[in-house]
Every structure is written in C-alpha cells, then in structure tokens.
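Since this is a predicted model, take the numbers as computed values, not measurements.
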Amino acid sequence: MAQLPGAAVDFARFLAGLTARLDRRSGWLAVFLERDPDGMRACLAGSELPPWDVVDALLQDLASDQGAAVARTEAAAARALHAAATAAHDALPGAAAALAGRLDVMLREQRYAAERLQELTAHRATATTEEAAAALDVDLAWAEDDHRRATARRAELRARADALAAPAAPAPERPAQQAKPKKRPRGGARFAGIAEEAAEPPQPPAPVAPAPAAALRGARFAGVAGPAEEPAPSRPAPEGAHAATGAVARLHALRAQGRGGEAHVVLAELAGWPAPRLPLLAAELHRAGLEADWATLLWEVAALPPAGLVAAADALAAAGRGADARQLLRQGVARPVPEIADALRLLTGDGRDRQARALALAYLAVRSPEDAAGVARSDPDRLVPLLLDAARGVSEERHWDLVHAFRVAGVLA
C-alpha cells in the first residue's frame with residue numbers, strides 16, 4: 001500500500017475498519033464476499049476502488065447492526081474519503097482508458113440485466129402456482145438489484161470520465177518531441193456479478209452488422225460537437241406525440257405501484273423506438289417528473305448500434321436538445337473499437353464530414369490515443385486525417401499524443 005496514493009490508502013483503511021465492524025455471514029457484506037471475494041480483497045488493499053453503491057450497501061449493514069445514527073456519521077466520512085480516493089485513482093496514468101473499458105463492460109452488464117428482467121417478468125405473468133410465483137419474485141428482486149447497480153455504476157464511471165475529459169487550458173506550440181505512450185491498466189474489482197474487463201475493450205457477444213449508409217442519411221450534428229447555435233426545433237408528428245404520452249403514462253403508473261423492474265423493461269423497449277420520438281419522450285418524461293428515467297433512457301439509447309446512435313443524436317439536435325445530443329455521443333463512444341471505426345467510415349463515406357468529426361471528437365475526449373490508433377488502422381487514408389483534425393479540437397497535447405500513437409501503430413509515417 002506504500003506505493004499507492006495517500007488518499008487511496010486512507011480510504012482502504014476506512015473500508016477495512018468498516019467491514020471489521022460487520023457480520024461477514026449476513027447482509028450485503030456476505031453477498032459481496034460470496035460473489036467477488038478477489039474484488040473485495042483488492043478494495044480492502046487499496047489497489048481497487050469499490051463503486052459507491054457497494055460502500056452505501058455496507059453502510060446499510062452498519063445501520064442494521066449499530067443503528068442509523070452511527071451509520072449517518074460514518075457515511076459523511078465515507079463520502080469524503082471515497083471522493084478523495086476517486087480523484088487519486090483518476091490522476092494515475094492511463095485512467096481515461098481504464099474508465100472507458102469499464103464503461104464498455106458495464107454497458108453490457110446493464111443490458112443483460114434488462115433482458116433478464118424482461119424474461120423473468122414474462123415468466124412471472126404466467127406462473128401457475130404460488131410457489132413458482134414466489135420463487136420468481138425472488139429472482140426478479142435480484143435482477144432488479146443487478147440492473148439498478150449497473151445503472152448507478154455506469155453513471156458514476158461516466159461522471160469520472162467526463163471530469164477527465166473536461167476541456168483543458170490550450171497547450172502552447174511545441175516541437176515534434178514524442179510523448180511516451182500511455183499503457184492501459186489491466187484487471188479490476190467487480191461486484192454483484194460484474195465481470196472483469198480485458199486488457200482491450202471486450203467485444204460484444206455477437207457482432208452487429210453495420211447498417212447501410214442510407215440508414216444514416218439526414219443526421220445533423222449542428223450543435224452537437226460544441227455550443228454552436230441549435231437548429232430550429234422540428235414539428236413532431238401527431239402519432240409520435242400520442243405514443244410518447246401513452247408510454248410515459250404507463251411508466252408513471254409502474255413507478256407509482258413500485259414495479260421498478262417492469263419500468264426498466266419499458267425503458268429498454270423505448271430505446272428501440274424511431275429516433276424522431278426521442279425528443280417527444282424527453283419532454284413527456286420531464287413533464288411527468290421522471291427525470292431519472294430520462295437519464296436511464298439515454299444510457300439505453302447510447303447502447304444502440306452506431307447507426308441508431310447517430311440517428312438519435314440527430315433527432316435530439318434537430319429538436320433543439322443539443323446538450324442531450326452531446327451527452328448521448330459521449331456515452332455512446334464507450335464501445336469496442338471496430339464499432340466506432342464502422343460508424344466513422346459510414347459517415348465519411350456518405351459525405352457527412354462534420355458529423356463524423358463530432359463523433360470523432362467525442363471519442364477522443366474519453367478514449368486513449370492507442371484506442372484511436374486502433375480505429376484508424378481499419379482505414380488509414382480516410383480516418384487518420386479525420387482523427388488528427390478532431391484531436392486538435394480536444395487539445396494540442398492530445399493531437400501530439402495521437403501523432404505518436406499513430407506512428408507507433410504504423411498508420412502514420
């Protein structure tokens with residue numbers, strides 16, 4: 001622990017003290033120790049940082065064992081120490097690449113949990129005995145917990161990645177000395193069934209065939225890549241508005257009845273709706289006070305194949321929701337290198353260079369130069385100039401790092 005940042009050591013000591021006060025045979029601590037003993041040991045040693053939902057669950061155990069007043073006191077210390085440890089971990093070399101890889105893993109975990117919820121909900125509706133229904137209720141509760149934790153962890157990782165990608169002060173011009181290539185950290189702790197990421201961003205279970213270029217026609221990114229003037233909002237189709245109103249009313253009813261698992265399933269379904277309906281859903285969800293569901297829906301849309309992601313960002317920008325479109329792009333670039341390469345080739349091949357640059361800029365803001373080199377390798381003649389131009393929009397430092405990574409990868413002389 002001596003080589004770790006001081007803040008990481010301080011939090012690890014706090015976590016060890018907290019768990020020492022808990023019963024390891026019951027509560028959430030028992031769950032975490034059973035599901036991921038190696039991950040828990042890494043967190044206690046300080047080499048890995050547990051997601052906040054894990055810390056919060058342990059504080060719930062403390063409240064059950066020693067009372068709410070004790071837990072509230074410890075929670076304040078836990079928050080401060082966790083925030084300091086997070087900042088220390090994210091200041092380490094390669095932190096941006098590590099966060100991007102973990103976001104990719106968490107995306108698939110969230111989608112798997114949503115599919116599991118949908119499957120269990122269907123089985124529950126056809127249960128023929130009380131015993132079967134009771135067993136499915138237990139499974140549903142665990143599946144909903146998995147989905148809730150995956151959603152919370154994606155939001156936490158996204159906030160950390162956004163903080164790292166915040167625009168830096170412009171770097172002065174410098175001669176062509178080369179920066180040392182950044183190395184991607186390997187391994188990491190996972191809880192509640194979350195799998196460990198590989199050294200390279202893990203590939204999806206089955207490859208998604210790229211949509212034809214025609215499927216991306218009409219995408220507009222004016223106002224997406226930066227704070228440019230927003231396009232004039234478009235007039236919604238009446239049938240789309242009616243469908244959005246009905247879907248949000250259904251969600252509101254499910255939330256009111258405490259049927260969160262079914263609400264998550266509905267959100268997963270809405271992510272597959274035609275892109276022009278997305279701004280309508282945003283308006284209806286905010287009108288109904290379901291802002292958290294809008295945030296979850298954006299995460300689900302960000303998991304669509306590149307063609308769907310581009311169409312969704314287009315629809316949001318065209319409706320005057322440029323901030324949502326930019327957020328969607330940032331979330332959507334946490335995906336395997338081949339998918340990003342396919343999307344950029346489709347956009348540039350269709351003559352929409354400004355849209356391609358917006359996607360490239362969002363990618364470069366959160367992914368490593370080595371990842372960008374992997375993207376460029378698929379079509380150097382087309383993608384190297386695009387990515388180098390976009391890198392200047394992030395910072396001059398990022399541009400020079402990208403030049404070096406391209407040379408190392410052999411895609412730039």
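Between the NE2 atom in His399 and the CG atom in Leu364 there is a gap of 10.5 Å [rounded to 0.5 Å]. In this structure, OG1 on Thr296 lies 11.5 Å from CZ on Arg148, to the nearest 0.5 angstrom. Rounded to the nearest 0.5 Å, atoms CG (Leu99) and CG (Asp104) are 12.5 Å apart. Atom CG of Leu328 and atom CG of Leu304 lie 8.0 Å apart (nearest 0.5 Å). One finds the NE2 atom of His252 at 5.5 Å from the CG atom of Leu290 (value rounded to the nearest 0.5 Å). Separating the CG atom in Leu387 from the CG atom in Leu361 is a distance of 10.5 Å, to the nearest 0.5 Å.
No donor-acceptor pair under 3.5 Å is formed between the side chain of His82 and the backbone N or O of Ala78. In terms of modelled atom types and a separation under 3.5 Å, the side chain of Thr73 and the main chain of Ala69 share a donor-acceptor contact. Ser368 places no side-chain N or O within donor-acceptor distance of the main-chain N or O of Ala97, the cut-off being under 3.5 Å. Counting only distance, with no hydrogens or angles, the side chain of Ser64 and the backbone of Gln60 share a donor-acceptor pair below 3.5 Å. For Arg382 (side chain) and Arg345 (main-chain N/O), a donor-acceptor pair under 3.5 Å exists by modelled atom type. Arg277 places no side-chain N or O within 3.5 Å of a backbone atom of Ala243 that could act as its donor or acceptor partner. Remark: side-chain polar atoms of Glu74 are not paired, donor with acceptor, to backbone N or O of Leu18 under 3.5 angstrom.
Ion pairing between a basic and an acidic side chain is recognised when a charged N comes within 4.0 Å of a carboxylate O; Arg377 and Glu370 show no such pairing. Between Glu300 and Arg111, none of the side-chain N atoms (NZ, or NE/NH1/NH2) sits under 4.0 Å from a carboxylate O, so this pair counts as no salt bridge. Under the 4.0 Å criterion applied to side-chain N and carboxylate O atoms, Asp65 and Arg21 are not assigned as salt-bridge partners. Classification of Asp146 and Arg116 as a salt-bridged pair fails, no side-chain N sitting under 4.0 Å from a carboxylate O.
Looking at Glu269 and Gln118, their side chains come closer than 4.5 Å, going by heavy atoms from C-beta outward. Put simply, the side chain of Met40 reaches to within 4.5 Å of the side chain of Thr19, judged on heavy atoms. Side-chain atoms of Trp299 and Leu107, non-hydrogen and from C-beta on, never get closer than 4.5 Å to each other. Side chains of Asp379 and Leu344 form no contact here, defined as non-hydrogen atoms less than 4.5 Å apart. Residues Asp371 and Tyr363 meet the side-chain proximity criterion, which asks for heavy atoms closer than 4.5 Å. Looking only at side-chain heavy atoms (C-beta outward), Leu278 and Trp294 come within less than 4.5 Å of each other. Counting only heavy atoms from C-beta outward, the side chains of Arg255 and Asp293 approach each other to under 4.5 Å. Side-chain atoms of Leu29 and Asp23, non-hydrogen and from C-beta on, never get closer than 4.5 Å to each other.
Counting non-hydrogen atoms of neighbouring residues, nucleotides and ligands closer than 6.0 angstrom, the CD atom of Glu34 reaches no more than 12 such neighbours. At most 12 non-hydrogen atoms from other residues, nucleotides or ligands lie less than 6.0 angstrom from OH of Tyr112.
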Begin with the C-alpha distance, continue with both residues' side-chain angles, and end with the deciding distance and a verdict on salt bridge (Lys or Arg N to Asp or Glu O under 4.0 Å) for Arg287 and Glu284. CA-CA 5 Å; Arg287 189 176 295 118; Glu284 290 296 328; 2.6 Å; yes

Could you walk me through whether Leu22 and Trp28 satisfy the side chain to side chain contact (heavy atoms under 4.5 Å, CB included) test, starting with their C-alpha distance in whole Å, then the side-chain angles of each, then the deciding distance to 0.1 Å, before giving a yes or no? CA-CA 10 Å; Leu22 302 176; Trp28 285 112; over 6 Å; no

Stepwise side chain to side chain contact (heavy atoms under 4.5 Å, CB included) check, Asp145 with Asp53: CA-CA 11 Å; Asp145 182 75; Asp53 70 276; over 6 Å; no

Stepwise, does the salt bridge (Lys or Arg N to Asp or Glu O under 4.0 Å) test hold for Glu48 with Arg102? CA-CA 13 Å; Glu48 286 293 338; Arg102 293 181 182 188; 3.0 Å; yes

Worked check of side chain to side chain contact (heavy atoms under 4.5 Å, CB included) between His123 and Glu119: CA-CA 6 Å; His123 286 317; Glu119 175 187 347; 3.8 Å; yes

Under the salt bridge (Lys or Arg N to Asp or Glu O under 4.0 Å) criterion, do Arg24 and Asp61 qualify, and how do the steps go? CA-CA 10 Å; Arg24 291 179 169 242; Asp61 284 354; over 6 Å; no

Trace of the side chain to side chain contact (heavy atoms under 4.5 Å, CB included) decision for His404 with Trp400: CA-CA 6 Å; His404 178 67; Trp400 283 109; over 6 Å; no

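Residues Ala343 and Leu359 share a closest heavy-atom pair of CB-CD2, 3.8 Å. Looking at every heavy atom in both residues, Leu309 comes nearest to Ala302 through CD1-CA, 4.2 Å. Looking at every heavy atom in both residues, Cys43 comes nearest to Ala12 through O-CB, 4.0 Å. Of all non-hydrogen atoms in Ala313 and Ala325, the two that sit nearest each other are O-CB, 3.6 Å. A pairwise comparison of heavy atoms in Leu267 and Leu297 identifies O-CD1, 3.5 Å as the closest pair. Leu280 approaches Gly240 most closely through the heavy-atom pair CD1-C, 3.4 Å.
By the 6.0 Å and 45° rule, Arg149 does not stack over the aromatic ring of Trp142.
There is no side-chain donor-acceptor pair under 3.5 Å between Arg160 and Thr86.
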